[in-house]
Number of protein chains: 2
Amino acid sequence: MSVRLDELDRKILAELQRDGAQSLDEIATQVGSSKTPVWNRIRKMKESGVIRQQTVLLDAEALGLEACFFVLIRTSEHEKHWQDAFLRALHERPEVMEAHRLAGDIDYILKVRVPNARAYDVFYQALISEVKIHNVTALLSMEEIKHTTMLPL
Amino acid sequence: MSVRLDELDRKILAELQRDGAQSLDEIATQVGSSKTPVWNRIRKMKESGVIRQQTVLLDAEALGLEACFFVLIRTSEHEKHWQDAFLRALHERPEVMEAHRLAGDIDYILKVRVPNARAYDVFYQALISEVKIHNVTALLSMEEIKHTTMLPL
DNA sequence: CTTGAAAGTGTGCATGC
DNA sequence: GCATGCACACTTTCAAG
């Protein structure tokens with residue numbers, strides 16, 4: 001899975017993470033190189049999947065998504081059939097921003113963004129009606145202290 | 001905080017979230033409009049902060065960041081002085097991808113990305129030596145089932 | 001909103017270091 | 001490998017209808 005990257009590659013990635021709208025010339029200047037090598041390296045990193053996607057980050061509050069919950073899930077079901085249904089439900093629902101399978105006594109954690117607490121309840125009721133879940137704890141975020149997509153290089 | 005957006009604005013945002021590298025012409029075609037109105041709306045949404053950042057998403061595993069922890073924190077300290085120090089520590093550490101202040105008996109949740117479990121321990125020891133923390137539970141992610149930055153519009 | 005035009009950028013190639 | 005220059009098509013940006 002891991003790919004070999006040198007200092008220059010990492011500098012380029014850092015610039016792209018910081019601002020993905022920069023021109024090749026700007027990036028080349030920032031990293032102390034020139035257009036051709038920067039362009040070739042970016043192309044390779046896109047092909048190899050190190051760079052997965054170019055996107056914009058939106059302001060959730062400005063869009064009226066004012067509630068964020070972390071959902072801790074314990075299940076008694078561990079068969080493949082159940083898991084498939086559960087994963088499908090997570091992928092289908094756009095309010096599920098993130099989902100992880102965990103080690104330990106909590107089986108899954110979700111991050112869910114919705115307009116308000118009522119919308120969370122609608123989501124929750126729909127989810128438990130689709131798949132059997134043993135135990136759920138919802139943690140309500142009062143304040144997003146930090147949120148970054150910039151991976152440490 | 002909330003901004004009024006019409007159908008066209010939302011379609012534009014959906015396209016930008018899906019692929020932030022598209023040209024104005026492509027977006028205009030996708031949303032059934034033309035370059036100038038699309039350009040004006042994007043400019044306004046950048047100014048108003050609805051569009052916060054343009055960036056690239058990298059593959060954490062390919063970069064050797066193979067461990068992801070959710071950290072549940074209870075604290076006994078609730079004075080401003082303590083909180084300032086804690087927030088500063090979180091902002092300074094690049095491995096902290098996300099941090100929320102919660103309602104309920106758990107005070108904070110963090111999402112931390114590191115190369116391996118050893119690196120998490122280094123982070124953890126450094127954090128508790130900097131600020132006093134009452135109780136910590138770390139949840140280790142075995143598998144990232146879903147991870148999206150695309151907000152539901 | 002549409003047209004259109006000027007300035008800037010991405011992409012690719014060719015040269016020599 | 002890298003820097004530089006060049007070329008063309010495409011894109012952004014913005015003024016005027």
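Please read these numbers as outputs of a predicted model, since none were measured by experiment.
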Euclidean distance, atom [atom1] of residue [X] to atom [atom2] of [N] [Å, nearest integer]:
{"X": "Ile42(B)", "N": "dC14(D)", "atom1": "CD1", "atom2": "C1'", "answer": "15 Å"}
{"X": "Glu7(A)", "N": "dC2(D)", "atom1": "CD", "atom2": "C1'", "answer": "17 Å"}
{"X": "Gln22(B)", "N": "dC10(D)", "atom1": "CD", "atom2": "P", "answer": "17 Å"}
{"X": "Glu26(B)", "N": "dG10(C)", "atom1": "CD", "atom2": "P", "answer": "14 Å"}
{"X": "Asp25(A)", "N": "dT4(D)", "atom1": "CG", "atom2": "P", "answer": "11 Å"}
{"X": "Arg4(A)", "N": "dG1(D)", "atom1": "CZ", "atom2": "P", "answer": "13 Å"}
{"X": "Gln54(B)", "N": "dT9(C)", "atom1": "CD", "atom2": "C1'", "answer": "14 Å"}

**Message:** Between the side chains of Glu7(B) and Lys11(B), is the shortest nitrogen-to-carboxylate-oxygen separation below 4.0 Å, so that they form an ion pair?
**Reply:**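 Salt bridge absent between Lys11(B) and Glu7(B).
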**Request:** Run the salt-bridge test on Lys80(B) and Asp84(B) with the 4.0 Å N-O cut-off and return the result as yes or no.
**Result:** yes
Can you tell me how far the [atom1] atom of [X] sits from the [atom2] atom of [Y], to the nearest 0.5 Å?
{"X": "His100(B)", "Y": "Ile106(B)", "atom1": "NE2", "atom2": "CD1", "value": "14.0 Å"}
{"X": "Gln17(B)", "Y": "Gln53(A)", "atom1": "CD", "atom2": "CD", "value": "9.0 Å"}
{"X": "Glu61(B)", "Y": "Leu58(B)", "atom1": "CD", "atom2": "CG", "value": "13.0 Å"}
{"X": "His147(B)", "Y": "Glu98(A)", "atom1": "NE2", "atom2": "CD", "value": "4.0 Å"}

**Request:** Would you classify Ser34(A) as touching base, sugar-phosphate or nothing, given that sugar-phosphate means primed atoms plus P, OP1 and OP2, and contacts are heavy atoms under 4.0 Å?
**Result:** base
**Message:** Just to be sure I understand the rule, does Pro37(A) reach a base, reach only the sugar-phosphate, or reach nothing, if contact means heavy atoms closer than 4.0 Å?
**Reply:** sugar-phosphate
**Prompt:** Among residues 8-21 of chain A, which residues get a heavy atom nearer than 4.0 Å to DNA chain D?
**Reply:** none
**Item:** Centroid separation Tyr108(B) to Phe86(B) less than 6.0 Å
**Value:**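 Ring centres of Phe86(B) and Tyr108(B) closer than 6.0 Å.
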**Prompt:** More than 12 foreign heavy atoms under 6.0 Å from NE2 of His78(B): is that the case here?
**Reply:**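 Count over threshold, so yes.
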**Request:** Look at the side-chain N and O atoms of Arg41(A) and state whether any lies under 4.0 Å from the OP1 or OP2 oxygen of dC2(D).
**Result:**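 Checking Arg41(A) against dC2(D): at least one side-chain N or O falls below 4.0 Å of OP1 or OP2.
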**Prompt:** With respect to Arg74(B), which candidate in Val136(B), Asn135(B), Ile133(B) satisfies the side-chain contact (heavy atoms from CB on, under 4.5 Å) definition?
**Reply:** Asn135(B)
**Complete:** Quick tally for nucleotides 11-17 of chain C: nucleotides whose base has a protein heavy atom under 4.0 Å get B, sugar-phosphate-only ones S, the rest -, giving BS-----
